[in-house]
Amino acid sequence: LWNTETGEKLRTLEGQASYIAFGPKGKVIAGASSVDGVVRIWSTDKEEPVHVIKGVPASNRPIAFGPKGRMLVSSNDLKVEVIDVRKGAVGLIDFHAGRVTSLSITPNGRLVAAGDERFMLHLWNLKSGRVVKLPFHLGPVQSVDISPDGKKLVSANKRDITNPRTVAEVRIWDIKKGKLLRAYQPEKPKIDKVVHNIMKVTFSPDGKLIALESGDSKLRILETKTGKCIQTLKDHSPHIGHSTAVFSPDGRMLAALTTDNTVRLYEPKTGKVLRDLEGGHSLEIHSLAFSPDGRMLVTTSRDKTALIWG
């Protein structure tokens, strides 16, 4: 864990994680590993995990907390896990034909959005069990995120390498109506070079901006209302399924991983560099997450450690 104001490293958490998330109150951190398929739950004041939940190893095992931090959803190959954070108990929901690649949950905890590798995007009502399928994407769905007010959904697909006519695309949806509002496509890549493979999309805390991570080492900031790109930040290092660009809770900072394995803090609307967080990990950083109060940042790495900056 790291202090975002001073750049000081606070604590090293035991156990590996490829994808991480803070609980809503900032006292709990969940980490999912693509190596051993394990979801680990830590308390921020302890180095050892309080729960270890075994699953299916996968290249991408996304996780998302419910609004009160008592529930955690995670992918388990073709299924979605619903985890009781306090007990470590697991329930499984099986409704996908393809491997689940991305998850997001509404602020009220009633709806889960899940994308899969077979171009499908599902909206699942946790209370009623009803599942709504949205129109097919142009390729495997890489990322989904629900806006902080729970009214909009952003989803992104990568190019389908078996069909050269398809392109990477970001879609913005009205959740209640299931209606596509607008779409954004990065400029088409050169022939035989998939440089615009979209990795991740993330709403800002006020829902007005979207951070778009892509395979051309650029981090784009989109305007939700128009779907237009307003900033392009260079030297970004994205990883499929991992959060390597995250907004601070107040929306004033954007933490992003650079190509030289540095965590860079930006002012998202202007692209101004505020600070660099360097050192700490011996190998490539996988994922980033802010605490709810914005004072701490946690990073995970291939060196099998999670660091808390404070």
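Heads up: numbering here begins at 1 and tracks the sequence. All values derive from a computational prediction rather than experimental measurement.
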- Item | Expected output: side-chain Ser301 to main-chain Glu284 donor-acceptor under 3.5 Å | yes
- Note on the structure: Of all heavy-atom pairs linking Gly115 and Val144, the shortest is N-CG1, 4.3 Å
- Query: Is the backbone N or O of Gly207 less than 3.5 Å from a side-chain atom of Ser147, with the two atoms forming a donor-acceptor pair by type?
  - Reply: no
- Flag if over 12 foreign heavy atoms under 6.0 Å of CZ, Arg182: yes
- Message: Quick check: closest heavy atoms across Thr224 and Ile172, and the distance to 0.1 Å?
- Response: O-CD1, 3.7 Å
- Item | Lys200 backbone acceptor or donor facing Ser143 side chain under 3.5 Å | no
- Hey, what do you get for CD1 (Ile210) to CZ (Arg220), rounding to the nearest 0.5 Å? 14.0 Å
- Do Gln231 and Thr270 get their side chains close enough for a donor-acceptor pair, meaning under 3.5 Å? no
- Message: Has Thr106 got a side-chain atom pairing as donor or acceptor with Leu111's backbone, closer than 3.5 angstrom?
- Response: yes
- Message: Any carboxylate oxygen within less than 4.0 angstrom of a Lys/Arg side-chain nitrogen, looking at Glu117 and Arg99?
- Response: yes
- Query: Mind checking whether His122 and Val132 have side chains closer than 4.5 Å, heavy atoms only?
  - Reply: no
- Message: Atom CD of residue position Glu48 - does it have more than 12 heavy atoms of other residues, nucleotides or ligands inside 6.0 Å?
- Response: no
- Query: Can you tell me if Glu169 and His137 form a side-chain donor-acceptor pair at under 3.5 Å?
  - Reply: no
- Message: Run the salt bridge (charged side-chain N to carboxylate O under 4.0 Å, His left out) test against Asp149 and tell me which residues pass, sequence neighbours left out.
- Response: none
- Query: What is the distance from atom CZ of Arg171 to atom OH of Tyr184, rounded to the nearest 0.5 Å?
  - Reply: 15.5 Å
- Task: Decide yes or no for Leu121 and Asn157: does some side-chain heavy atom of the first lie under 4.5 Å from some side-chain heavy atom of the second?
- Result: no
- Ile230: which other cluster members, linking ILVMFWY side chains closer than 4.5 Å, directly or transitively? Leu209, Leu219, Ile221, Leu233, Phe247, Leu254, Tyr266, Val273
- Task: Indicate the atoms forming the closest heavy-atom contact of Leu257 with Leu288, along with that distance.
- Result: N-CD1, 4.1 Å
- Which heavy-atom pair separates Thr259 from His236 by the least distance, and what is that distance? CG2-O, 3.6 Å
- Item | Minimum heavy-atom distance between Ala245 and Glu213, given as atom pair plus value | N-OE2, 3.4 Å
- With a 4.5 Å heavy-atom cut-off, do Leu180 and Pro135 have their side chains touching? no
- Whether Ser104 side chain and Ile146 backbone form a donor-acceptor pair below 3.5 Å: yes
- Co-membership, hydrophobic cluster, residues Val298 and Leu283, 4.5 Å side-chain: no
- Nearest non-hydrogen partners of Phe119 and Gly139, listed with the distance: CD1-C, 3.3 Å
- Give a yes or no answer on whether the side chain of Asp116 reaches the backbone of Met120 with a donor-acceptor pair at less than 3.5 Å. yes
